[in-house]
There are 2 protein chains.
Amino acid sequence: MKERDELDRCDCNVIHEDVVNAVREKMPSEENLYDLAELFKVFGDTTRIKILWALAESEMCVCDIAVLLNMTQSAISHQLRILRQARLVKYRKEGKIVYYSLDDEHVKHIFDQGLIHINEKY
Amino acid sequence: MKERDELDRCDCNVIHEDVVNAVREKMPSEENLYDLAELFKVFGDTTRIKILWALAESEMCVCDIAVLLNMTQSAISHQLRILRQARLVKYRKEGKIVYYSLDDEHVKHIFDQGLIHINEKY
DNA sequence: TTAACACTTGAACGATTATTCATATTTGTA
DNA sequence: TACAAATATGAATAATCGTTCAAGTGTTAA
């Protein structure tokens, strides 16, 4: 049974079984919730937030970003890989130089929602 | 000098100094960027995402959440503390039982923006 | 007042992660 | 061809983080 399975792990009694069942039915798939957490995890680092914010302002090469943030080029490059994998940034090559920019407008919208929350509370 | 400071850390030459300076002027304060990253960090965990999603559906007590997510009540309680500190959830006590709910509507809006990004790309 | 229950909390452990360092790759140039 | 510049990458290290375990509150009920 489903219920018995859960009681193995949970060290307390079900208090509102009806609520639990109702919520369970409306929960998105495990995969969707995982993807969502993975996306926000990418936003959950100061360096990456700074990079995204900078790219929201202007296309920049790796070296520019490193100078702007006062960090090594290697550190920036590692973070850009993560941002690329999350499809948050895209790049174009021009000779030796690689220019990065935001992949879409979603980044700004996600920022906006985050800022609304931060600024509303004292 | 500002410039010399940065070159100490960055192991490459400034390529587009004008771009760097323009972006630097528009960057929000270090504190704002830090707060934003901290907020998204809270969203960057599957357990917390599940809790928030559940609470978006209905007010629930700690035990209910533990049963729903098939986790120990202690693990849930630890995560609820983080969500409380981020002002994402609030609670009310009724005897022994503590009921948690979303602190405001921002959570749903942040979810929505995240989902838009995930669902648009294949 | 004793016991049971709902929940919280602190310490410990294992896993994940950001940065550094050294090295590799690619491209332009002498 | 050899070299320097811009970027990428793999391994190592230190720090952070989620869960577990054990012990602690606080509340209800016997």
Side-chain angles (χ1 to χ4, degrees), chain A residues 7-17 19-20 33-34 37-38 40-52 59-86 89-100, chain B residues 7-17 19-20 33-34 37-38 40-52 59-86 89-100:
Chain A
L7 286 169
D8 290 342
R9 269 277 186 108
C10 175
D11 48 358
C12 56
N13 308 321
V14 187
I15 301 186
H16 310 93
E17 212 164 337
V19 172
V20 173
L33 294 167
Y34 178 82
E38 287 300 304
F40 287 125
K41 205 174 283 181
V42 175
F43 282 88
D45 176 80
T46 315
T47 300
R48 289 192 294 265
I49 284 279
K50 286 177 184 173
I51 293 175
L52 290 172
E59 175 187 70
M60 296 180 94
C61 71
V62 180
C63 184
D64 288 343
I65 302 171
V67 172
L68 175 70
L69 304 188
N70 194 26
M71 292 178 66
T72 64
Q73 164 267 120
S74 176
I76 299 298
S77 191
H78 277 296
Q79 297 299 351
L80 284 170
R81 186 173 47 81
I82 293 170
L83 293 171
R84 251 184 288 138
Q85 287 168 348
V89 303
K90 61 179 190 287
Y91 65 94
R92 67 182 179 85
K93 288 187 182 176
E94 205 171 276
K96 293 184 284 191
I97 304 174
V98 181
Y99 292 96
Y100 280 86
Chain B
L7 286 168
D8 291 343
R9 269 277 187 108
C10 174
D11 47 359
C12 56
N13 307 321
V14 186
I15 301 185
H16 310 94
E17 212 163 337
V19 173
V20 173
L33 294 167
Y34 177 82
E38 287 301 302
F40 287 126
K41 203 175 284 178
V42 175
F43 282 88
D45 176 79
T46 315
T47 300
R48 288 192 293 266
I49 284 280
K50 287 177 183 172
I51 293 175
L52 289 172
E59 175 187 68
M60 296 181 94
C61 71
V62 179
C63 183
D64 288 343
I65 302 172
V67 172
L68 175 69
L69 305 187
N70 193 26
M71 293 178 65
T72 62
Q73 164 265 116
S74 174
I76 300 298
S77 190
H78 276 296
Q79 298 299 353
L80 284 170
R81 185 172 49 82
I82 294 170
L83 294 171
R84 251 184 289 138
Q85 286 169 348
V89 302
K90 61 179 189 288
Y91 65 94
R92 65 180 180 88
K93 288 188 181 176
E94 203 170 277
K96 294 185 282 192
I97 305 174
V98 181
Y99 291 96
Y100 280 86

What I'd like to find out is whether the side chain of [X] reaches to under 4.5 Å of the side chain of [Y], using heavy atoms alone.
{"X": "A:Val20", "Y": "B:Met60", "value": "yes"}
{"X": "B:Gln79", "Y": "B:Ile82", "value": "yes"}
{"X": "B:Leu52", "Y": "B:Val89", "value": "yes"}

What is the distance, rounded to the nearest whole Å, between atom [atom1] of [X] and atom [atom2] of [N]?
{"X": "B:His16", "N": "D:dA6", "atom1": "NE2", "atom2": "P", "answer": "10 Å"}
{"X": "B:Ile97", "N": "D:dT27", "atom1": "CD1", "atom2": "P", "answer": "13 Å"}
{"X": "A:Leu80", "N": "D:dA6", "atom1": "CG", "atom2": "C1'", "answer": "13 Å"}
{"X": "A:Gln73", "N": "C:dT19", "atom1": "CD", "atom2": "C1'", "answer": "13 Å"}
{"X": "B:Asn70", "N": "D:dT19", "atom1": "CG", "atom2": "C1'", "answer": "14 Å"}

Hey, which sits more toward the 5' end of DNA chain C by its nearest nucleotide, A:Ile15 or B:Arg81?
A:Ile15
Parallel, tilted or perpendicular, as decided by the 30° and 60° cut-offs, for the rings of A:Phe40 and B:Phe40:
parallel
Would you indicate what A:Tyr99 reaches in the nucleic acid, counting non-hydrogen atoms under 4.0 angstrom: base, sugar-phosphate, or nothing?
nothing
Look at all strands and tell whether B:Tyr100 reaches a base, only sugar-phosphate, or nothing, counting heavy atoms closer than 4.0 Å.
sugar-phosphate
Would you please name every residue forming a side chain to side chain donor-acceptor pair (under 3.5 Å) with A:Glu59, sequence neighbours left out?
A:Arg92
Return the set of residues passing side chain to side chain donor-acceptor pair (under 3.5 Å) with B:Arg81 (not counting sequence neighbours), or none when no residue passes.
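Testing B:Arg81 for side chain to side chain donor-acceptor pair (under 3.5 Å), a comparison that skips the adjacent residues, returns none.
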Partners meeting side-chain contact (heavy atoms from CB on, under 4.5 Å) with B:Ile15 (sequence neighbours left out):
A:Cys61, A:Cys63, A:Asp64, A:Ile97
What pairs of nitrogen or oxygen atoms, one from the protein and one from nucleotides 13-18 of chain D, lie under 3.5 Å apart?
residue, atom, partner, partner atom, Å
D:dG18, OP1, B:Arg48, NH1, 2.7
D:dG18, OP1, B:Arg48, NH2, 2.6

What are the two closest non-hydrogen atoms of A:Lys41 and A:Arg48, and how far apart are they?
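It is O-NH2, 3.2 Å.
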Sorted by chain and residue number, the ring-ring contact (aromatic ring centres under 6.0 Å, His included) partners of B:Tyr91 (sequence neighbours excluded) come out as B:Tyr100
Scan nucleotides 21-30 of chain C against the protein and return all N/O pairs shorter than 3.5 Å with their distances rounded to 0.1 Å.
residue, atom, partner, partner atom, Å
C:dC21, N4, A:Ser74, OG, 2.7

